[in-house]
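The block underneath contains the structure these notes are about, expressed in structure tokens.
Residue numbers start at 1 and run along the sequence shown. Start at 1 and go down the list; that is how both ligands and their atoms are numbered. No experiment lies behind these values; they were computed from the predicted model shown.
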Amino acid sequence: MGDNLRVDVVIIGAGPAGLMAAMWMAVTGVRTLLVESRPQGTHTGRADGLESRTLEILDSFGLADKVWAEANHTVDIALWSDSVDGFLRREQVSANTEPGWSRFYESTLGQGRVEELMMKFVQSGNHVDIRRATTPTTLEIDHSTVKDHKAYPIRVTLEKSVPTTFVEPGILGPRSDTSTPSSESSMASSLADSAISGMDTVVEAKYLLGCDGAHSWVRKQLGVRLEGESSDHHWGVLDFIPITNFPDIRKRFVVKSKYGALMMVPREKRLVRVYVELSPMASAQYTIQQIPDIIMDQVAEIMQPYVIKSNRIEWYTTYKVGQRICPKVSFHNRLFLAGDAIHTHSPKAGQGMNVSMQDTFNLGWKIASVVHGASPPEILDTYAQERLPIAQRLLKLDRRICLGMCSDEKETRMSRGKFHEDHKHALREENTLFAGVTATYQRNLLISPSSEAGDSKGAPFCSRTSLSKAIILGARIPSKLVLNQSDSQAHHLQQCFTSNGQWDLIIFGGDISKREQLNRINRLAEALSHPVSYFQQLNKASRARGAVGSVGVYLVHSANRNSIDLLGLPEIFRPHLEDGSIEYTRVWVDNESYHHPGGGDLYKTLGIDQDGCMVLLRPDQHVAFLSSIDDVHGLEGFLRSFTCL
Ligand SMILES: Cc1cc2nc3c(=O)[nH]c(=O)nc-3n(C[C@H](O)[C@H](O)[C@H](O)COP(=O)(O)OP(=O)(O)OC[C@H]3O[C@@H](n4cnc5c(N)ncnc54)[C@H](O)[C@@H]3O)c2cc1C
Ligand SMILES: *[C@@H]1O[C@H](CO)[C@@H](O)[C@H](O)[C@H]1NC(C)=O
Ligand SMILES: *[C@@H]1O[C@H](CO)[C@@H](O)[C@H](O)[C@H]1NC(C)=O
Ligand SMILES: *[C@@H]1O[C@H](CO)[C@@H](O)[C@H](O)[C@H]1NC(C)=O
Ligand SMILES: *[C@@H]1O[C@H](CO)[C@@H](O)[C@H](O)[C@H]1NC(C)=O
């Protein structure tokens with residue numbers, strides 16, 4: 001027989017969800033096995049859109065520069081519909097991403113390329129063992145040890161599949177569903193392989209993540225199903241280089257004409273991606289012939305009187321729209337499902353890759369914290385508490401966009417060529433509320449109660465949400481340009497907070513050139529620096545565990561930067577490094593930059609007054625606690641509630 005392995009975490013599936021989880025394990029040093037049935041990565045097709053928050057997340061791992069440079073940035077969205085005389089006309093053009101919400105905006109880059117960059121990141125560490133062309137065959141849970149988080153109650157058997165028998169679907173040939181490579185075919189080949197070699201690997205693990213897509217094998221083993229509607233509307237998807245006289249071809253656009261509806265998104269090179277509803281006749285025809293021309297003809301009909309054709313079709317597929325959700329995503333706080341394994345929906349709201357990555361961005365650091373002993377296993381409850389509402393909201397939005405895009409049998413030909421008001425609203429929300437930047441988690445073990453929301457009865461600590469208008473408890477911290485106190489170099493506040501498993505405390509110190517305000521900062525620094533303070537004890541314990549669960553401290557003040565001497569500030573804001581020099585990246589100023597627009601209005605935009613406030617960020621940059629800079633007691637009380645020394 002084959003080898004036996006013991007790891008902390010097994011991840012099944014190396015799509016966007018599995019790779020994001022693996023990135024967390026790589027940066028926090030958690031022994032992990034990443035199992036993927038495909039021998040190689042995704043090449044063509046699938047998702048291609050990245051929303052602002054996804055880019056911010058990739059940036060926190062240092063990956064956004066590459067993605068941003070290679071991606072095509074989708075600035076505009078245009079809506080086209082039938083005019084009174086039946087001619088197609090542009091109804092409106094607007095920003096495809098709400099300006100000012102993020103330093104990034106919506107972009108497109110093939111899923112295969114995004115996965116490749118993530119995979120490289122995972123491989124650059126040495127904690128994640130990657131097994132490609134491998135599938136799990138059995139999954140067992142030892143219920144007698146499932147509550148002991150030092151035990152390894154999960155047992156998975158793995159088999160190697162034969163790469164040569166594997167054909168990646170959807171590249172050149174037709175396919176009739178949005179599914180990932182069919183597990184049946186890889187399973188068959190893996191059986192053939194193990195019959196030859198007789199090699200199995202048995203893995204024992206503490207945690208298992210099912211990131212294996214819409215047809216999740218893990219989900220089936222756990223005996224849960226996706227619930228919801230599937231629909232009869234057939235949609236076609238084409239990636240092609242268009243030859244056209246349509247003026248908005250390099251914008252994202254939606255057309256509703258009497259012949260049907262479509263959405264097009266500009267892509268890398270001169271490619272575009274179209275999503276088009278197929279008529280019943282075209283659907284039937286496609287089922288028989290399986291050729292892209294049928295989809296292309298439908299596109300041409302809807303776009304008339306404009307001409308659109310192509311000499312180069314890169315990829316195509318068809319699928320049925322259905323909105324489905326898995327009601328249970330976490331089992332004994334040991335096994336978790338994420339990504340398409342828990343929510344499927346149409347790609348038109350373009351949220352799948354985003355939301356899938358964001359699922360495991362939420363989960364990964366929590367598992368790492370428990371593995372390192374920095375937090376109790378109960379923090380894992382927050383995964384379902386936080387992500388299920390997001391999945392439900394996504395499906396609701398997708399349903400509205402689909403209703404707007406899908407022709408209704410009852411509609412007359414004329415009304416079909418119009419945008420419904422709710423469809424327009426839904427599109428707008430997709431680009432604002434749903435660009436991921438506003439995902440707000442409700443009070444739980446990792447989000448403090450708020451005194452002002454009236455949900456703090458009996459809590460020994462609570463947040464004072466009125467101290468900032470724009471910093472929302474449970475949401476990710478907004479970003480603005482700030483300057484480094486030491487050398488006045490500009491960068492974005494968010495860029496201070498890299499994803500490494502550490503928490504961060506931002507002290508908005510206000511105008512510290514004023515004596516009274518400086519005294520408050522000094523008192524806070526003294527309390528946090530005291531050797532017997534919980535803060536210091538926690539950081540000492542965390543350092544011994546490799547920094548996961550420690551708390552970094554930053555000061556962002558609004559005084560004239562030339563009136564402040566960095567070396568005169570408390571040592572916690574200029575900690576000494578091993579070589580005797582100091583860290584220069586702890587103190588930031590809200591001030592104009594000589595060379596970059598947008599500096600000097602952080603306090604104003606965040607709605608923080610000159611008394612300042614302090615904000616505790618989780619390792620995923622979501623705001624966990626917000627209070628006055630005198631409330632050390634509240635801060636420490638909150639930290640105590642979910643950390644271990
Ligand atoms: C045509 C199309 C267009 C799309 N467009 C968009 C878009 O514009 N925007 C967007 O956000 N989303 C889009 N999506 C959806 C997006 O591709 C998915 O939401 C996203 O890939 C989900 O990520 P995931 O990691 O959860 O699952 P997947 O990407 O499906 O990854 C699952 C992985 O697990 C592997 N696997 C499966 N079973 C096993 C097993 N038994 N053992 C080992 N490995 C296994 C698979 O090979 C795969 O690599 C689109 C999808 C399609 C099909
Ligand atoms: C992510 O969200 C954006 C904005 O909603 C969307 O346009 C894009 O297609 C999404 N990305 C993917 C991969 O779906
Ligand atoms: C976007 O697409 C256009 C047209 O193919 C191309 O010229 C451009 O370089 C692409 N990339 C970016 C980052 O804009
Ligand atoms: C100050 O911050 C900027 C922006 O992050 C950084 O590039 C620079 O290296 C920092 N300065 C020092 C001395 O560390
Ligand atoms: C920025 O700092 C300069 C001095 O360096 C000061 O004159 C100016 O008022 C500050 N601007 C803001 C917006 O605080």
Side-chain angles (χ1 to χ4, degrees), residues 11-21 34-42 44-51 54 106 108 110-112 114-115 131-137 156 158-159 161 166 168-170 175 177-184 186-187 190 209-221 235-239 263 265 267 273 275 315-319 337-360 394 481-493 495-496 566 581-588:
I11 303 168
I12 309 292
L19 284 166
M20 178 55 71
L34 175 59
V35 178
E36 168 57 53
S37 56
R38 290 174 300 160
Q40 283 114 31
T42 309
T44 23
R46 311 217 63 195
D48 59 359
L50 292 163
E51 65 182 19
T54 309
E106 197 182 313
T108 56
Q111 183 169 335
V114 176
E115 287 178 8
R131 304 250 171 136
R132 278 200 175 277
T134 301
T135 42
T137 51
V156 190
L158 302 178
E159 283 183 343
S161 41
F166 189 90
E168 176 152 351
R175 22 188 320 222
D177 142 47
T178 55
S179 69
T180 46
S182 96
S183 39
E184 289 78 36
S186 44
M187 197 69 93
S190 76
L209 272 59
C211 304
D212 48 349
H215 300 275
S216 175
W217 176 87
V218 177
R219 190 182 64 222
K220 281 176 203 138
Q221 302 307 303
W235 286 76
V237 189
L238 276 182
D239 282 351
M263 181 177 88
V265 187
R267 296 192 49 154
R273 156 79 55 97
Y275 295 100
W315 181 79
Y316 61 99
T317 188
T318 67
Y319 64 93
L337 296 171
D340 277 11
I342 54 174
H343 37 69
T344 64
H345 49 84
S346 85
K348 285 177 314 300
Q351 298 282 343
M353 184 158 79
N354 298 310
V355 175
S356 297
M357 278 194 223
Q358 288 164 22
D359 281 344
T360 47
L394 161 68
L481 209 68
V482 287
L483 308 186
N484 187 326
Q485 171 68 44
S486 74
D487 59 10
S488 300
Q489 290 199 62
H491 87 164
H492 257 269
L493 178 65
Q495 290 175 294
C496 296
L566 177 64
S581 68
I582 64 166
E583 227 182 293
Y584 296 108
T585 50
R586 299 286 179 158
V587 182
W588 301 87

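Contact between L566 and S486 at its shortest, heavy atoms only, is CD2-CB, 4.0 Å. Between G110 and R267, the shortest heavy-atom distance links the atoms CA-NH2, 3.7 Å. The two residues A341 and G210 have their closest heavy-atom pair at CB-O, 3.9 Å.
Protein heavy atom at the shortest distance from atom 7 (O) of ligand 4 is Q489 OE1, 3.8 Å. For atom 1 (C) of ligand 4, the closest non-hydrogen atom of the protein is N484 ND2, 1.5 Å. Shortest contact from atom 11 (N) of ligand 4 to any protein heavy atom: D487 OD2, 2.7 Å. The protein heavy atom nearest to atom 14 (O) of ligand 4 is Y584 CB, 3.5 Å. The closest protein non-hydrogen atom to atom 5 (O) of ligand 4 is H491 ND1, 2.9 Å.
Between R131 atom CZ and I12 atom CD1 the span is 11.5 Å, to the nearest 0.5 Å. Between the OG1 atom in T317 and the CH2 atom in W235 there is a gap of 14.0 Å [rounded to 0.5 Å]. To the nearest 0.5 angstrom, L394 atom CG is 10.0 Å from Q358 atom CD.
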Under the side-chain contact (heavy atoms from CB on, under 4.5 Å) rule, what do L209 and V218 come out as? Steps first, then yes or no, please.
CA-CA 8 Å; L209 272 59; V218 177; over 6 Å; no
Verdict with supporting geometry, R273 and L238, side-chain contact (heavy atoms from CB on, under 4.5 Å):
CA-CA 6 Å; R273 156 79 55 97; L238 276 182; over 6 Å; no
If you apply the rule side-chain contact (heavy atoms from CB on, under 4.5 Å), what do you find for Q489 with L483, and how did you get there?
CA-CA 5 Å; Q489 290 199 62; L483 308 186; over 6 Å; no
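Judged by distance alone, the side chain of D212 and the main-chain N or O of G13 form no donor-acceptor pair under 3.5 Å. When atom types are taken as modelled, the side chain of T360 and the backbone of A17 share a donor-acceptor pair closer than 3.5 angstrom.
Within the structure, ligand 1 lacks L50 among the residues with a heavy atom less than 4.0 angstrom away.
Nearest to atom 1 (C) of ligand 1 by heavy atom, out of W217, W315, Y275, is W315. With atom 39 (C) of ligand 1 as the reference point, the heavy atom nearest to it among D359, T360, D212, I11 is part of D212. Residue E36 holds the heavy atom nearest to atom 46 (C) of ligand 1 of all those in E36, R132, H215.
With a 4.0 Å cut-off on non-hydrogen atoms, A214 does not touch ligand 1 at all. Looking at S356 against ligand 1, only its side chain comes within 4.0 Å, counting heavy atoms. Residue-level proximity to ligand 1 for W235 is absent, since no heavy atom of it falls below 4.0 angstrom. Looking at V265 against ligand 1, nothing comes within 4.0 Å, counting heavy atoms.
Proximity to R273 (heavy-atom distance under 4.0 Å) selects the following atoms of ligand 1: 3 (C), 5 (N). Ligand 1 places these atoms under 4.0 Å from at least one heavy atom of G15: 25 (O), 29 (O), 31 (O), 33 (C), 49 (O). Against a heavy-atom cut-off of under 4.0 Å, I12 is close to the following atoms of ligand 1: 42 (N), 43 (C). Near G339, with a cut-off below 4.0 Å to any heavy atom, the atoms of ligand 1 are 26 (O). Close contacts between ligand 1 and T134 involve ligand atoms 43 (C) [criterion: under 4.0 Å to a heavy atom]. For ligand 4, the atoms closer than 4.0 angstrom to any heavy atom of T585 are 14 (O).
Between E115 and ligand 1, not a single N/O pair is under 3.5 Å apart. For T135, no nitrogen or oxygen atom sits less than 3.5 Å from a nitrogen or oxygen atom of ligand 1, counting backbone and side chain alike. In terms of N/O distances under 3.5 Å, ligand 1 is approached by P16.
Counting heavy atoms from C-beta on, the side chains of L481 and H492 come closer than 4.5 Å. Side-chain contact between D340 and S356 is present, with at least one heavy-atom pair separated by less than 4.5 Å.
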